[in-house]
Amino acid sequence: MARLQEAISLGLVLGIIHGLIQPAHSVPVVPNFTQGSMTSHTETTSKVTETINSIDYNTGWQYSVTGSNVSNNGQSLLPSTTNNNIIVNPLGGAEGQITSPSAGLDFTNSNFTITNPGEAFQFTQTYDGPGVSNQTVIQRVTEVTSVTDTTSIFTQ
């Protein structure tokens, strides 16, 4: 039994020595196909939400008076001015609130009367004071989808 173990050990040692002494040879790798193809498909979607908020703001005032058979008892046609605090809420909330002092007209002492009572008369008084005269809010959503299909064909 001891001789069998010695023989196996000797065979193992000789096998290792033989493996270390032998040069390594490489075998060329040759593809085993003649042609092929590869396809890729990519989809990209982007969504853009835009809000356009346009505000027209009057910084002064416009005043006009017209009529017939009407008088103002000799007073000036231009009422005295008064200071106003104008508060603008662009989107309806406090996040965009603007406060601006502006001069406006004071109509508390404006006194027009009919000159000849019982006769026809016409009276028009218009006033456009400082503040927001117009607000336009435009919201739009744009969604863009891009599709790319790529096919590669290769041969040997």
Side-chain angles (χ1 to χ4, degrees), residues 15-16 19-156:
I16 292 173
L20 292 174
I21 294 175
Q22 289 293 339
H25 295 287
S26 63
V27 178
V29 175
V30 178
N32 60 357
F33 61 86
T34 56
Q35 68 180 18
S37 67
M38 179 179 73
T39 302
S40 71
H41 176 81
T42 305
E43 288 188 31
T44 305
T45 301
S46 65
K47 185 176 183 180
V48 177
T49 302
E50 296 176 275
T51 300
I52 300 169
N53 188 9
S54 173
I55 299 174
D56 298 330
Y57 183 77
N58 292 335
T59 58
W61 48 267
Q62 295 178 12
Y63 176 64
S64 66
V65 176
T66 61
S68 60
N69 193 23
V70 177
S71 70
N72 65 344
N73 299 325
Q75 296 178 15
S76 171
L77 288 177
L78 181 61
S80 59
T81 60
T82 183
N83 284 330
N84 302 312
N85 272 334
I86 307 299
I87 298 174
V88 180
N89 290 324
L91 294 175
E95 69 280 348
Q97 192 174 69
I98 301 167
T99 303
S100 173
S102 298
L105 297 181
D106 183 5
F107 292 100
T108 55
N109 294 324
S110 179
N111 190 12
F112 288 90
T113 59
I114 298 174
T115 306
N116 298 313
E119 293 183 15
F121 73 95
Q122 183 270 329
F123 177 71
T124 304
Q125 180 180 24
T126 60
Y127 174 68
D128 189 11
V132 175
S133 62
N134 184 42
Q135 179 178 8
T136 305
V137 178
I138 300 170
Q139 289 186 324
R140 64 182 177 189
V141 177
T142 306
E143 189 168 317
V144 177
T145 301
S146 173
V147 178
T148 304
D149 288 318
T150 304
T151 301
S152 299
I153 299 174
F154 46 92
T155 60
Q156 180 182 356

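In what follows, every heavy atom counts, from backbone to side chain, and hydrogens, waters and symmetry copies are set aside.
With sequence neighbours left out, the side chain to side chain contact (heavy atoms under 4.5 Å, CB included) criterion links Val48 to Glu50. For Asp56, the side-chain hydrogen bond (donor to acceptor under 3.5 Å, both in side chains) test picks out Asn134, with sequence neighbours left out. Partners of Gln62 under the side-chain hydrogen bond (donor to acceptor under 3.5 Å, both in side chains) rule, at least two apart in sequence or in another chain, do not exist in this structure. Annotation: side chain to side chain contact (heavy atoms under 4.5 Å, CB included) contacts of Ile52 (sequence neighbours excluded): Ile138. For the side chain to side chain contact (heavy atoms under 4.5 Å, CB included) test, residues two or more places apart in sequence or in another chain that qualify with Thr126 are Ser64, Thr124. A search for salt bridge (charged side-chain N to carboxylate O under 4.0 Å, His left out) contacts involving Glu119 returns nothing, not counting sequence neighbours. Annotation: side chain to side chain contact (heavy atoms under 4.5 Å, CB included) contacts of Thr151 (sequence neighbours excluded): Thr39, Ile153. Under the ring-ring contact (aromatic ring centres under 6.0 Å, His included) criterion, Phe121 pairs with no residue at all, not counting sequence neighbours.
Among residues at least two apart or in separate chains, there is no salt bridge (charged side-chain N to carboxylate O under 4.0 Å, His left out) pair with a member in residues 64-76. Listed by first then second residue, pairs satisfying salt bridge (charged side-chain N to carboxylate O under 4.0 Å, His left out) with a partner in residues 143-154 number zero, not counting sequence neighbours.
Heavy atoms only, all atoms of each residue included: Asn69 and Asn116 are closest at OD1-N, 2.8 Å. Closest approach of Thr49 to Val141, counting heavy atoms only: OG1-CG2, 3.9 Å. Of all heavy-atom pairs between Gln122 and Val70, the closest is O-CG2, 3.6 Å.
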**OP:** Could you check Met38 against Thr150 for side chain to side chain contact (heavy atoms under 4.5 Å, CB included), going step by step and ending with a plain yes or no?
**Re:** CA-CA 8 Å; Met38 179 179 73; Thr150 304; over 6 Å; no
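Ring pair Tyr63/Tyr127 is perpendicular by interplanar angle, where above 60° counts as perpendicular and below 30° as parallel.
Taking OG of Ser71 as the reference point, atom CZ of Phe112 lies at 9.0 Å (rounded to 0.5 Å).
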